[in-house]
Amino acid sequence: MKKRTTIGFFDSGIGGISVMTYARTRFPSADYIYYADSDHVPYGTKKREEITLYSDTAVDYLVSHGADAVVVACNTATSMAIDYLRAKYSVPIVGMEPAVKPASEIHSNEKILVCATPVTIAGEKLHNLIDKNYNSATQPTLVATPDLVSFAENSVFDTETICNYLGTVIDKKESYAAVVLGCTHFGYFRDSFREFFGEIDIFDGTEGTVNRLFSLLCENNKYIESDGDGSITYVRSGRIVTEQDELTRFEELADRIVKYYK
């Protein structure tokens, strides 16, 4: 009997469930292990050394539990630790990048806003990506919105609360044509961003990440098509989640995001 493909997903918390949810629409027969490093969330205000250590622990768990490929479904961890992880582990490892390239292609010479964590905004990886896709006259505006991570982790999704917060950090008078969500937690607030800005294009790195995952699985002969839907195992900082209320919460988060990927 053929073994199902096992895909590991890792994030500092529940943000990466948004990426895994899209992957499941593409590869429903794969088995998934989702590792939320809840003991150390958020990563967006921590030092590189800490983020690398926590990321290494998570990926080691996923690989040791049979992951054929790993998605670092965290922009901050990708920015700080992806090179280290790829050098250490032999399985394909896919990271997250803010979707500044597709935003620049569709909205060249228009104002673009990038929302991310403080660490991602300060990191060299994002600035290199921007320099490749924008000239000096069209550089996007970068805004740190770290409270959105806390809101997501605490299941605070009401539009009024989120829009009030966005109003404290974003100047709507700038008339942005597009906003790039540079953290996987932020995808849960698409409705609030839409309410705050009105008609605006919203980009994130989910589709590009999952497309890259598929390519690497095929290149490495890791993708096995199986009958029926695969399983999902949720893990919190090395502890398998068995409590029904927690499992229900994860399912509700997937339901919140899946409408955007249909």
inquiry  = Counting C-beta onward and ignoring hydrogens, is there a side-chain heavy-atom pair between Thr21 and Arg256 closer than 4.5 Å?
reply    =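 Not in contact.
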So does [X] have more than 12 non-hydrogen atoms from other groups sitting under 6.0 Å from [atom1]?
| X | atom1 | result |
| --- | --- | --- |
| Glu110 | CD | yes |
| Glu160 | CD | no |
| Lys88 | NZ | yes |
| Glu124 | CD | no |

request  = Any chance you could lay out the side chain to side chain donor-acceptor pair (under 3.5 Å) test for Asn135 and Thr138, step after step, and finish with the verdict?
outcome  = CA-CA 6 Å; Asn135 59 46; Thr138 61; 3.2 Å; yes
key: Pairs satisfying ring-ring contact (aromatic ring centres under 6.0 Å, His included), at least one member in residues 119-153, at least two apart   =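 Found Phe151-Tyr165.
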Minimum heavy-atom separation for [X] to [Y], with atom names?
| X | Y | result |
| --- | --- | --- |
| Leu148 | Leu166 | CD1-CD2, 4.3 Å |
| Gly16 | Asp11 | N-OD2, 3.0 Å |
| Thr209 | Gly95 | OG1-O, 3.4 Å |
| Ile7 | Phe27 | CD1-CD1, 4.1 Å |
| Lys101 | Asn133 | CG-OD1, 3.2 Å |
| Pro118 | Gly44 | CD-O, 3.5 Å |

key: Matching residue for Asp37 among Ser12, Ser237, Ser55 - test: side chain to side chain donor-acceptor pair (under 3.5 Å)   =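 The side chain to side chain donor-acceptor pair (under 3.5 Å) with Asp37 is passed solely by Ser237 among Ser12, Ser237, Ser55.
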inquiry  = Between Asp191 and Lys259, does any NZ, NE, NH1 or NH2 come within less than 4.0 Å of an OD or OE carboxylate oxygen?
reply    =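 No, this pair does not count.
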key: Check: Tyr61 main-chain N/O paired with Ser64 side-chain donor or acceptor under 3.5 Å   =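 Yes, the answer is positive, given that a donor and an acceptor are paired below the 3.5 Å cut-off.
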ask   = Can you check whether Ile14's main-chain N or O pairs, donor with acceptor, with Glu153's side chain at less than 3.5 Å?
value =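 Side chain of Glu153 to backbone of Ile14, a donor-acceptor pair under 3.5 Å: yes, one is there.
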request  = Can you run down the salt bridge (charged side-chain N to carboxylate O under 4.0 Å, His left out) pairs that involve residues 18-36, sequence neighbours left out, and say none if there aren't any?
outcome  =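 Qualifying pairs: none.
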task = Evaluate side chain to side chain donor-acceptor pair (under 3.5 Å) for Asp158 paired with Thr161, printing each intermediate quantity in order.
result = CA-CA 6 Å; Asp158 67 280; Thr161 298; 2.6 Å; yes
query = Under the 6.0 Å and 45° cation-pi test, does Lys172 pair with Phe196?
reply =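 Yes; both conditions hold, so Lys172 lies above the ring face of Phe196.
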